[in-house]
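Here's the structure, in structure tokens; my notes come after.
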Amino acid sequence: MRNRRPFRAIKGVRDILPPESEQWNRVEQVAREVFATYGFGEIRLPIFESTELFARSVGSETDIVSKEMYTFADAGADEESRETQISLRPEATASVCRAYIEHGMHTWPGDVKLYYIGPMFRRERPQKGRYRQFYQIGAEVLGQSDTPGLDAEVIEMLLVFFRRVGLDTPLGEVRTKAAEDRRNDSSSASAAPPHLRPVTLFINSIGCPACRPSYVEQLRNALETVRDQLGPDSQRRIQTNPLRVLDSKLDSEQAVIETLPRITDHLCAACREHYVRLQEQLELRGIPFVENWRLVRGLDYYTRTTFEVTAPGLGAQNAVCGGGRYDGLIELLGGPRNVKGIGFAIGTDRLLLSLQDRAQPKGPSGKAAQARLDAFLVWMGSAEYPAAVRLARLLRAAGRRVELPHDALKLRRALELADKLGARFAVLIGEEEIASGKFTVKHLSTGEQTQCVEADLIRHIQAAAQN
RNA sequence: GUGAGCGUAGCUCAGCGGUAGAGCAUCGGACUGUGGCUCCGAGGGUCGAGGGUUCGAAUCCCUUCGCUCACCCCA
């Protein structure tokens, strides 16, 4: 603490340090594997885009665009250019759509399935599970198809991922005839114990340009009649965005909101049909869901299907994933007509929070627990150092994790360090070892010590690492 | 943008008017080629910052900054 004002991370951003960063890599790796089995390929996107892209797609009246984006003028750009205003991406669906159009992906065979992994930026007040730089794992399907089976498969993939990564995710088997018969045979239905607090899937349909406007008008009228029972935020939204009133959390507004007209009662025939069939498709896949007519996503581009997954252990911000269908977005951004889209975004920070919330105090803890060292090389004098360097290179080439101190340490000190770093073996390289050509290998948890030549030593350490 | 709680050593915290402490961690010693245990010792703080009250402030008051949680909104 020498400096008067040491540098600190900017508000709302944070470092993810080694033991935890391994979990992040694991989670992201599972996503890659699961998504690949569903035919998705990774798209790597720019961190910033034209501000206009987000204004058009997410919606210029949304909170995200109107007050949460990190926007700046690109210094080198032409004053007249539309590209002058740049924003750090607050979400990635807009970028995926831009890339889809830019690269003519509508000519690709079949549906275009893409996933992305990376940071997003929103200038909000930080709180538990919410950061100004946060991370998302997202997936999008773009193409001609808008069949509910596709929506259901995207949700299935999401839940398979959650389960693989270790969240308690209720996910039954696919309901074939044979599966139904088996189910009926077993007398006791195996309901999940309530204390497990599994993730919950909420679904809704928010209609399409054919039916939503008239519903919004009805809702607005209904809201006007109860205006005096609403708080200032909700009163303001009666004009700006009546749908947003629905997901208010104010206790004082809950009773009134329950009396409002519900969009699911005002869908057009096509949207109604789509929503009903979505539910059938979810049931077919053994996916439990909860209808939530108040689930209104905050982005303008959504149509029909919207969904959200909440997980335990997260505080007030308990949504780990949000998603939905956005059938008009590609065209809105100047792309080809009739390209439909559906996708989701998982909040990685929140996912990790929920995983860490599960009690899991097994095994060694601390720095030593994660990346376990296979060997700590102990050399006694500068004459033995070259032999240690050579051995380190050989062991590492074999894939072992090796620590080689580069300053002379007393033996006592070296073994103590090896122990603290959680090494499995200490290899002693001193005068005796050089003279005999045999290294001394000490197994640190048992204290057993043996002597062996280089080839045997490597085999020995390899073998122990395989279990 | 609004509200509440909290800021003392690297970490977790005690002290709450009399001039800075503990545990853990780090480093050294007891212990010259044998770690985990024990014992001894050391380093490390403008008690978040600024102002006020007082003979005297880490302690009381005000302001400010930071962190956390919540509202808002979203992942």
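Per chain, numbering begins at 1; letters A, B, ... match sequence-line order.
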Go through the steps for E416(A) and R412(A) under the test salt bridge (Lys or Arg N to Asp or Glu O under 4.0 Å), then give the verdict.
CA-CA 6 Å; E416(A) 188 185 330; R412(A) 171 178 302 281; over 6 Å; no

Give each protein N/O atom lying under 3.5 Å from an N/O atom of nucleotides 2-5 of chain B, with the pair distance.
unit_1 : atom_1 : unit_2  : atom_2 : d
U2(B)  : O4     : R125(A) : NH1    : 2.7

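- The phosphate of G66(B) has neither OP1 nor OP2 within less than 4.0 Å of any side-chain N or O from K11(A).
- The CG atom of L230(A) sits 9.5 Å away from atom CD of E224(A), with the distance rounded to the nearest 0.5 Å.
- At a cut-off of 3.5 angstrom, counting only N and O atoms as typed in the model, there is a donor on one side and an acceptor on the other between the side-chain of E124(A) and the base of A75(B).
- Not a single donor-acceptor contact under 3.5 angstrom links the side-chain atoms of D419(A) to the base of G36(B).
- In this structure, K128(A) places its NZ atom 12 Å from P of U68(B), rounding to the nearest Å.
- In this structure, K442(A) contributes its side chain and L428(A) its backbone to no donor-acceptor pair below 3.5 Å.
- Using a 30° and 60° split on the angle between ring planes, F40(A) and F35(A) fall in the tilted class, from 30° to 60°.
- Within the 4.0 angstrom heavy-atom criterion, base atoms lie near G129(A).
- Under a 3.5 Å cut-off, the side chain of T305(A) and the backbone N or O of S205(A) do not form any donor-acceptor pair.
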Shorter than 3.5 Å, N or O on both sides, protein versus nucleotides 28-33 of chain B: list them out with atom names.
unit_1 : atom_1 : unit_2  : atom_2 : d
G29(B) : OP1    : K410(A) : NZ     : 3.2
C31(B) : O2'    : R412(A) : NE     : 3.1
C31(B) : O2     : R412(A) : NE     : 2.6
C31(B) : O2     : R412(A) : NH1    : 2.5
C31(B) : O2     : R412(A) : NH2    : 2.7
G33(B) : O6     : E431(A) : N      : 3.1
G33(B) : O6     : E432(A) : N      : 2.9
G33(B) : O6     : E433(A) : OE1    : 3.4
G33(B) : N1     : E433(A) : OE1    : 2.9
G33(B) : N1     : E433(A) : OE2    : 3.3
G33(B) : N2     : E433(A) : OE2    : 2.8

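- Under the Watson-Crick and G-U wobble criteria, each requiring two contacts below 3.5 Å, nucleotide C27(B) is paired to G41(B).
- Residue contacts shown for F121(A) are absent, as no nucleic acid heavy atom lies under 4.0 Å away.
- Remark: the separation of the C1' atoms in A9(B) and A4(B) is 29 Å, to the nearest Å.
- Pairing of G1(B), defined by two Watson-Crick or G-U wobble distances under 3.5 Å, is identified with C71(B).
- At a cut-off of 3.5 angstrom, the base of C72(B) holds at least one donor-acceptor pair with the side chain of Q127(A).
- With a 3.5 Å ceiling on both atom-pair distances, G33(B) lacks any Watson-Crick or G-U wobble partner.
- No engagement by T348(A) is indicated, since no non-hydrogen atom pair under 4.0 Å with the nucleic acid exists.
- A side chain to side chain donor-acceptor pair (under 3.5 Å) with D374(A) holds for exactly one of Q462(A), R424(A), R401(A), R396(A); it is R424(A).
- Using P as the reference atom, C31(B) and C13(B) are 39 Å apart when rounded to the nearest Å.
- Using atom P as the reference point in both C27(B) and U59(B), the two lie 35 Å apart (nearest Å).
- Contact annotation for R130(A): base contact, defined as any heavy-atom pair under 4.0 Å involving a base atom.
- Comparing A42(B) with A22(B), their P atoms sit 11 Å apart, to the nearest whole Å.
- Where R350(A) and R123(A) each meet RNA chain B at their nearest nucleotide, the meeting point lying more 5' is that of R123(A).
- In this structure, the side chain of D327(A) does not engage the main chain of K340(A) through any donor-acceptor pair within 3.5 Å.
- Taking 4.0 angstrom as the limit, R297(A) places a side-chain polar atom (N or O) nearer than this to OP1 or OP2 of A75(B).
- Ring pair Y215(A)/H266(A) is tilted by interplanar angle, where 30° to 60° counts as tilted.
- Atom name P, nucleotides G18(B) and C60(B): the rounded distance is 11 Å, in whole Å.
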